[in-house]
Protein chains: 4
Amino acid sequence: MSTRSAREAALTDAVMTIVAEHGLERVSVREVAGAAGVSIGTVQHYFPTKEQMLAAAYTEAVDRIRARVEALPLGSDAGRNLRSVLRQLLPLDESRRAESRVYLAFAAAAATSASLSEIQQATLTELHTALTDAFGRATGEAWPPSRCRLAAHAVIALVDGLALHAVTTGGWIDTAQLTDAVDLVLDGLLVDTAATPSATA
Amino acid sequence: MSTRSAREAALTDAVMTIVAEHGLERVSVREVAGAAGVSIGTVQHYFPTKEQMLAAAYTEAVDRIRARVEALPLGSDAGRNLRSVLRQLLPLDESRRAESRVYLAFAAAAATSASLSEIQQATLTELHTALTDAFGRATGEAWPPSRCRLAAHAVIALVDGLALHAVTTGGWIDTAQLTDAVDLVLDGLLVDTAATPSATA
Amino acid sequence: MSTRSAREAALTDAVMTIVAEHGLERVSVREVAGAAGVSIGTVQHYFPTKEQMLAAAYTEAVDRIRARVEALPLGSDAGRNLRSVLRQLLPLDESRRAESRVYLAFAAAAATSASLSEIQQATLTELHTALTDAFGRATGEAWPPSRCRLAAHAVIALVDGLALHAVTTGGWIDTAQLTDAVDLVLDGLLVDTAATPSATA
Amino acid sequence: MSTRSAREAALTDAVMTIVAEHGLERVSVREVAGAAGVSIGTVQHYFPTKEQMLAAAYTEAVDRIRARVEALPLGSDAGRNLRSVLRQLLPLDESRRAESRVYLAFAAAAATSASLSEIQQATLTELHTALTDAFGRATGEAWPPSRCRLAAHAVIALVDGLALHAVTTGGWIDTAQLTDAVDLVLDGLLVDTAATPSATA
DNA sequence: CATGAATGAGCATTCATTCAT
DNA sequence: TATGAATGAATGCTCATTCAT
């Protein structure tokens, strides 16, 4: 429960909204205070430095994505489960498009911020572990662990890259192409296993 | 060609260096003037607004990558050519790591800047066209154009996603994993064609 | 005496330490709370306003100097007593150097603060009265009171000025020069009296 | 001759006025800009940091005092010259009272600022040298140089201490006492020489 | 072609203080 | 008695930009 501050949640919310709509460079203490309807001093009562505020917002954004993925109903078909997880990470509707914009902005900032880079690495590691397992199950443990890990690296990069393209261009790639591209790669990876081939290919 | 270009090139160079080392948010007219060893007024003589300066630097960064790709010696093996082009886009050494940092910073900024988004879209379109052709050749024209386009989307996303991961974390993914991941996906995509399977897999 | 005084003393102590080490401008409620190891609210429980806190610290600083002067063992030689009192006010060792830094910082602040100016004036008046008496005794009451008062003014100014020089420069004037300068002036003032001339001149 | 910025002079003037009237802690970039009638940006164009601005103002304040002392008409009576120089350093009228407030504020700040301490030390050194010479002449070279130096230390401390007392209290010491105290000490110092005794003693 | 003076909006941050508990 | 949430004004400073030269 940790009623641990509704205010704090409102602040990270405000940060995410601003990032999604105007980018990280538009995030300022003033802007956040205004968006959350509190005073400047209050923002800095909860987050003494801007870096801490951004780190909290990044963590919250990632937590949200994780919560959505974990809420996914999984079936007995491991290959299908894998597919639905990856699809969940694509910016297929407006809410996930906003999520991707936020994720991408923070990820890019991680290139020059130690605190954000730490979060980014932890996030990727967790997702990578889960997907490595998923590949193991989807291939009936026929693959050596190293190949599972490599495939996990590849598909995370794939969905992150697709999200990057979708978010940084205006409609250059549409939602059908996003899912089809994932299916195409997944079919190729799993073609020589007992996994059910995609029906969309 | 003109003498004017020399100064201008020095300025875009300075921008790229700053972006690679400290990120886009560190780019300021002052910083660029200092790095290029010219006055603050001179910078603004060539680039009246910061946005124009950034657009020029982004264009230059992309041109550099293109020049490197076009300079690649291509052989008769279309699958191998495809592989070497993609490998060229990965941050496999320090100079390409810097390039990726620059590309990524600008791409992320494109999410909220119309002028940068335009450049990003043009860049992706050009690369996509080239890779679509490459897939056509690599599969002996056995694939329908739509499948070639989809595969092109996928592999560009893959390398951009891999670059994203490499650049935004400190050594979370190493250079061998980068090339292996590309090979793994490429092998999967081309497995049912006459294309030569990767020797490194 | 009361248990309340313990905390309060710890707070004025903290203020004096900060002033001695970093100057008055570094004194903030936060800093004092941190240095004293109490909460920020506690500081303001004892000292509702910063001005009250500073006034209390100034008073405490002055009290400490007075206590040290009053603890001096006085002999029958009035001239020698005078000399030893003045010497006690010079920054001759590290602890008195800190004391002088604190005194000086507050004294300078008194130029623009009514409450501090009041304390400063009371302090000077008390010291001036004591030294006027001392001159009376040292000269065997041969001087008119007005001359004693003037001499008292002069020697207080002398030691305060010497302290000012010592504290505001790094080693520009050393401890020997401080005491010698006081002796020189004192010898000059007392030369035509029965007072014992300084042995150090 | 170095029209080197009337603006700059106006800015240091503004700083000195604010310091004289409200103390150093009231000096802010905004306040100075307002007092000088220029924009905030202009202030920081001339003085990139506050510390540089304060250092410039301190230097200017000291230069002004020096100019006034150097403009003093000196006669053949070395003792009288010495007296008139010291008198010039006392806050005997409103303009010199302002000067003293400024000098004292900066001197106190020098206790915790390296850049101000440097200026303070240079100022004292220059004055000390001049007064050491003056004592040499006033005593007909009868004193050893070390005694002249000591006497110079003493009288500078005396006038600085008197200024401190005058400035930090409201009328606790009046102008007559200031000059009389200097005369008293000077008479004492010069009593055993051929120097003319003060007529005011 | 190149400079640098001047501007004012904006930044993150620190601050003393009030108030409910 | 002691706490810390909340506030908003103020701080020094950086910024992109305009303009006269």
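First the proteins, then the strands, lettered A, B, ... as listed; each starts at 1.
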Separation of [X] atom [atom1] from [N] atom [atom2], in whole Å?
X	N	atom1	atom2	answer
D:Glu8	E:dG4	CD	C1'	14 Å
C:Leu11	F:dA2	CG	C1'	12 Å
A:Phe47	F:dA5	CZ	C1'	14 Å
C:Gln52	E:dT18	CD	P	10 Å
A:Leu24	E:dA12	CG	P	12 Å

query = If you draw a 6.0 Å radius around CD in D:Glu118, do more than 12 non-hydrogen atoms from other residues or ligands fall strictly inside?
reply = no

inquiry  = Could you tell me the Watson-Crick or G-U partner of F:dT21, where both distances fall under 3.5 Å? Say none if there is no partner.
reply    = E:dA2

inquiry  = Any strand counts, and the cut-off is 3.5 Å on both contacts for Watson-Crick or G-U wobble. Which nucleotide pairs with F:dA16?
reply    = E:dT7

note = Considering only heavy side-chain atoms of B:Thr49, the closest of E:dA2, F:dT17, F:dA6 is F:dT17

ask   = Does C:Tyr46 make a side-chain N or O approach to OP1 or OP2 of F:dA2 shorter than 4.0 Å?
value = yes

task = Ignoring hydrogens and angles, tell me if any N or O in the side chain of D:Ser117 forms a donor-acceptor pair with the backbone of C:Thr168 under 3.5 Å.
result = yes

remark   = Between C:His45 and A:Arg7, the residue closer to the 5' end of DNA chain F by nearest nucleotide is C:His45

query = Considering all heavy atoms of both residues, which atom of B:Leu104 and which atom of A:Ala108 are nearest to each other, and what is their separation?
reply = CD2-CA, 4.2 Å

ask   = Nearest heavy-atom pair of D:Arg97 and D:Val167: which atoms, and what distance?
value = O-CG2, 4.2 Å

ask   = Can you find a heavy atom in the side chain of C:Arg7 that is under 4.5 Å from one in the side chain of C:His45?
value = no

ask   = Is there side-chain contact between B:Leu164 and A:Leu164, with at least one heavy-atom pair below 4.5 Å?
value = no

key: Residue met sooner reading DNA chain E from 5', once C:Glu51 and D:Val38 are mapped to nucleotides   = D:Val38

Could you pull out the protein-nucleic contacts involving nucleotides 9-11 of chain E (nitrogen or oxygen on both sides, under 3.5 Å)?
residue	atom	partner	partner atom	Å
E:dC11	OP1	A:Ser28	OG	3.4

request  = Would you mind telling me which of A:Arg26, A:Glu25, A:Arg101, A:Glu21 makes a side-chain hydrogen bond (donor to acceptor under 3.5 Å, both in side chains) with B:Thr112?
outcome  = A:Glu25

